[in-house]
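Notes for the one structure printed next.
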Amino acid sequence: MSTKTIGWLITVFPIIGIMTWIFSGLPQEPPGSFEGGYPAYVAELAKLNSDSVHIMFGLGIVSFGIANAAFLGLKGRVTKAGKSTYASIGGILILVGFAGQIIEPGLFSAATKLSAAMSSEAIAMLTLATTAGGFATAIYSLGFVLLGYSLYQSKLIHVISSYALMLAGVIGLLGGILFYDEALITAYYASFVITSVAIGIELIRTGKD
């Protein structure tokens, strides 16, 4: 995978991924911060077309999967240069974390299907979704902290971009553990997508292979 190709994938697919969440119809405020809490959130889910939610989440998983493959390609550049001992560990954590994150939209989709007829089961699914998603995001984000540090060591991207990726990872690590179902977690999503796009554009402009 060429550097420019990695750049395009990192630029485009995180945007597509986050847009699928926005246009899924789900309330944009997380369940923990939603007025009325989880029961009120489930009541909103009952108003949605569960098939549409399922399709949008599927597209989101594919989009972030492609973006993650590109980040792992970037990790491969670091390990090939042999300038960091943390890149491989970061790559493993990204893979493990993303595997866990796939569970979250599946449970959200299930909660949407159950919300109209079985609200208590839907609340249970929603609780599992935010719990699993939070822990998976913490693991995933730690991987990006290590990848960002590896990129800083190898100087494959600008030092500011490396620090930004590490900062987004730290926010995700703390958010996944402490406030994943609260509105503050949007700071993680925003920082991750903005940083991904910035790194992608940088690789498009500077890539020579």
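Since this is a predicted model, take the numbers as computed values, not measurements.
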Original post:
When hydrophobic residues are tied together by side-chain contacts of less than 4.5 Å, even through go-betweens, does Y189 share a cluster with L178?
Top reply: yes
When clusters are formed by joining ILVMFWY residues with side-chain heavy atoms under 4.5 Å apart, either directly or through shared neighbours, do W21 and F13 land in the same one? no
* Hydrophobic cluster membership, M19 vs L48, 4.5 Å side-chain cutoff -> no
- request: Measure the shortest side-chain to side-chain distance between F98 and I61 over non-hydrogen atoms and say whether it is less than 4.5 angstrom.
  value: yes
Distance col, row T5:OG1 vs I204:CD1, nearest 0.5 angstrom, shows 9.5 Å
Rounded to the nearest 0.5 Å, the OG atom of S24 sits from the NE2 atom of H54 at a distance of 13.0 Å
Looking only at heavy atoms, the pair that brings I103 and A132 closest together is CG2-CB, 4.4 Å
Output for pair (L147 CG, L74 CG), nearest 0.5 Å, gives 6.0 Å
Output for pair (I22 CD1, I15 CD1), nearest 0.5 Å, gives 10.5 Å
More than 12 non-hydrogen atoms from neighbouring residues, nucleotides or ligands closer than 6.0 Å to CE on M56, yes or no?
-> yes
Any E44 side-chain heavy atom under 4.5 Å of L26 side chain:
no
Note to self: Is the ring pair F108/Y41 parallel, tilted or perpendicular, if the boundaries are 30 and 60 degrees?
What the structure shows: perpendicular
query: Under 3.5 Å, is there a donor-acceptor pair between the side chain of S109 and the main chain of P105?
result: no
If Ile, Leu, Val, Met, Phe, Trp and Tyr residues are connected whenever their side-chain heavy atoms lie under 4.5 Å apart, and connections chain through other members, are Y149 and L142 in the same group? yes
Nearest heavy-atom contact between A138 and I177 is CB-CG1, 3.9 Å
Q. Does some side-chain heavy atom of I16 sit less than 4.5 Å from a side-chain heavy atom of L59?
A. no
**OP:** Would you check if the side chain of S115 reaches a backbone N or O of T112 as a donor-acceptor pair within less than 3.5 Å?
**Re:** yes
On a heavy-atom basis, the closest approach of S191 and T195 is O-OG1, 2.7 Å
Q: Is it possible for you to say whether F57 and F192 belong to one hydrophobic cluster, with membership spreading through side-chain heavy-atom contacts below 4.5 Å?
A: no
Sorted by chain and residue number, the side chain to side chain donor-acceptor pair (under 3.5 Å) partners of T137 (sequence neighbours excluded) come out as Q101
Nearest heavy-atom contact between E104 and A129 is CG-O, 3.5 Å
Value for CG (L184) from CZ (F179), rounded to nearest 0.5 Å, stands at 4.0 Å
Identify each donor-acceptor pair in which a side-chain atom of residues 162-173 lies under 3.5 Å from a protein atom, sequence neighbours left out, and give them as a table.
residue: S162; atom: OG; partner: Y152; partner atom: N; Å: 3.4
residue: S162; atom: OG; partner: H158; partner atom: O; Å: 3.4

When rounded to the nearest 0.5 Å, the distance separating NZ of K4 from CD1 of I6 is 12.0 Å
Closest non-hydrogen atoms of T20 and G17, given as atom of the first, atom of the second and distance, are OG1-O, 2.5 Å
For T127 and T130 the tightest heavy-atom approach is O-OG1, 3.1 Å
message = When you measure from the side chain of S33 to the backbone of P30, do you find a donor-acceptor pair of N or O atoms at a distance under 3.5 Å?
response = no
TODO: Fit a plane to each ring of F144 and F71, take the angle between them on a 0 to 90° scale, and name the class: parallel (under 30°), tilted (30 to 60°) or perpendicular (over 60°).
DONE: perpendicular
request  = Ignoring hydrogens and angles, tell me if any N or O in the side chain of T3 forms a donor-acceptor pair with the backbone of L203 under 3.5 Å.
outcome  = no
Given the options V145, L146, V78, Y86 meets side chain to side chain contact (heavy atoms under 4.5 Å, CB included) only with L146
